[in-house]
Asks: 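Got a structure here, written out as structure tokens. Questions coming.
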Amino acid sequence: MKHKAYAKINLGLRILRKRDDGYHDIETVFHRVNVFDVLEFDASKNISMECDNPKIPIEDSNLCIRAARLLQTRFDINQGVHIKLQKNIPIGAGLGGGSSDAASVLLHLPKFWNCEIEKSELREIALSLGSDVPYFLDQGTAYATGRGEILEYFQLDIPYWILLVNPNIHVSTDWAYKNSFIKSTAHQQRLIELLKEYIHYPKKLEKYIKNDFENLIFENYPKIKRLKFSLYDFGADFVQMTGSGSAIYAFFTDEQTVRSVQNLLSKEYKTHLTECNYF
């Protein structure tokens, strides 16, 4: 059986503070978009994997391998698995592809091994793999705080077509956090409340929903900045970079316009379109 591991975008991202453990406290909203990797499991004595993208490591550093080994060790499982990964989510683009893949292993590999594991235990393992891995264990949109692991799922109907554009630039998340500028968020309304209140008002979204990484990334990668503002020129209602970059997403009200823009940009960039209220 094949399993889809969907990408996410960040609807706003605030960097609140650097913690004593080296991580950062953030505030963001995770939302899935319709681009996904595909995982398939085959029986094996050992844990191994293959991937159709040669840039993806398939050794112990890969989150899928690490997730499988943690399951095997923690629950004393004497089976192995060969993981086949079809990679469609861009790498280093702020879309959480590696985290989504790891979560898919945690969710589906126990069934392949004919064992049952409590969701609370899966969450614990997920967090040990990465701050945003726990989000992908459940469906829907989530308001995230802490490192990104404190999750509040909620209903958010997005009345826009979402065009995702990958400028083919790899941005290091570690570098972005190390060089990020922490802004004061005192007295600011929570992102979850702002999105619920203003989702139908794109000018308000533009005013209140910000990604704190944008200034840093745009200064160092002006091509990404140009891409963002060109999407406004093409008629987008709201445009923002996701995560620490480099992918840009744009909200469009009109289907004909967004399909025309996608057709134009696809000549230079990888693009993906999520239909209105798809998730």
Asks: Going by the angle between their ring planes, with limits at 30° and 60°, are F238 and F251 parallel, tilted or perpendicular?
Replies: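 F238 and F251: tilted rings.
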Asks: Would you sort out whether D25 and R17 count as a salt bridge (Lys or Arg N to Asp or Glu O under 4.0 Å), showing the intermediate values?
Replies: CA-CA 5 Å; D25 280 329; R17 66 191 64 84; 3.2 Å; yes
Asks: Say whether, by atom type as modelled, one donor and one acceptor occur between the side chain of K204 and the main chain of H200 under 3.5 angstrom.
Replies: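 No: the side chain of K204 does not pair with the backbone of H200.
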Asks: Quick one: does any side-chain atom of S266 pair with a main-chain N or O of Q262 as donor and acceptor, under 3.5 Å?
Replies: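 It does hold such a pair.
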Asks: Taking V35's backbone N and O only, do any of them form a donor-acceptor pair with Y6's side chain (distance below 3.5 Å, no angle check)?
Replies: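 Not a single qualifying donor-acceptor pair exists.
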Asks: Any donor-acceptor pair under 3.5 Å linking the side-chain atoms of Q72 with those of Q79?
Replies: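 The criterion, which ignores hydrogens and geometry beyond distance, is not satisfied for Q72 and Q79.
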Asks: What I want to find out is whether K4 reaches D37 closely enough, with some N-O distance under 4.0 Å, to be called a salt bridge.
Replies: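 No, K4 and D37 are not salt-bridged.
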Asks: Looking at G243, is its backbone amide N or carbonyl O close enough to the side chain of N211 to form a donor-acceptor pair, meaning the two atoms are under 3.5 Å apart?
Replies: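 Yes, the answer is positive, given that a donor and an acceptor are paired below the 3.5 Å cut-off.
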Asks: With a 4.0 Å cut-off on N to O distance, would you call D60 and R69 a salt bridge?
Replies: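 So D60 pairs with R69 through a salt bridge.
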Asks: Going by atom types only, do Q155 and D157 share a side-chain donor-acceptor pair under 3.5 Å?
Replies: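 Yes, side-chain donor-acceptor contact under 3.5 Å.
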Asks: Could you walk me through whether R74 and E124 pass the salt bridge (Lys or Arg N to Asp or Glu O under 4.0 Å) check?
Replies: CA-CA 11 Å; R74 181 160 177 169; E124 187 179 328; 3.3 Å; yes
Asks: Does the S131 side chain pair with the main chain of E149, one donor and one acceptor, at a distance under 3.5 Å?
Replies: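 Flag not set: sc S131 to bb E149 has no pair under 3.5 Å.
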Asks: Check this for me, if you would: do R123 and D138 make a salt bridge, where the nitrogen-to-carboxylate-oxygen distance has to be below 4.0 angstrom?
Replies: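 Here R123 pairs with D138 in a salt bridge, since their nearest N and O are under 4.0 Å apart.
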Asks: Any Lys/Arg nitrogen of K196 or E193 sitting under 4.0 Å from an Asp/Glu carboxylate oxygen of the other?
Replies: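 Not counted as a salt bridge, because no side-chain N and carboxylate O are separated by less than 4.0 Å.
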Asks: Please determine if K8 forms a cation-pi arrangement with F30, meaning its NZ or CZ atom is less than 6.0 Å from the six-membered ring centre and no more than 45° off the ring axis.
Replies: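 Not satisfied by the 6.0 Å and 45° rule.
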Asks: Hey, which of Q240, K225, K228 is the one that makes side-chain hydrogen bond (donor to acceptor under 3.5 Å, both in side chains) with E214?
Replies: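 Only match with E214 under side-chain hydrogen bond (donor to acceptor under 3.5 Å, both in side chains): K228.
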Asks: Does the side chain of R32 come under 3.5 Å of the side chain of Y135 through a donor N or O and an acceptor N or O?
Replies: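 Y135 and R32 do have a side-chain donor-acceptor pair below 3.5 Å.
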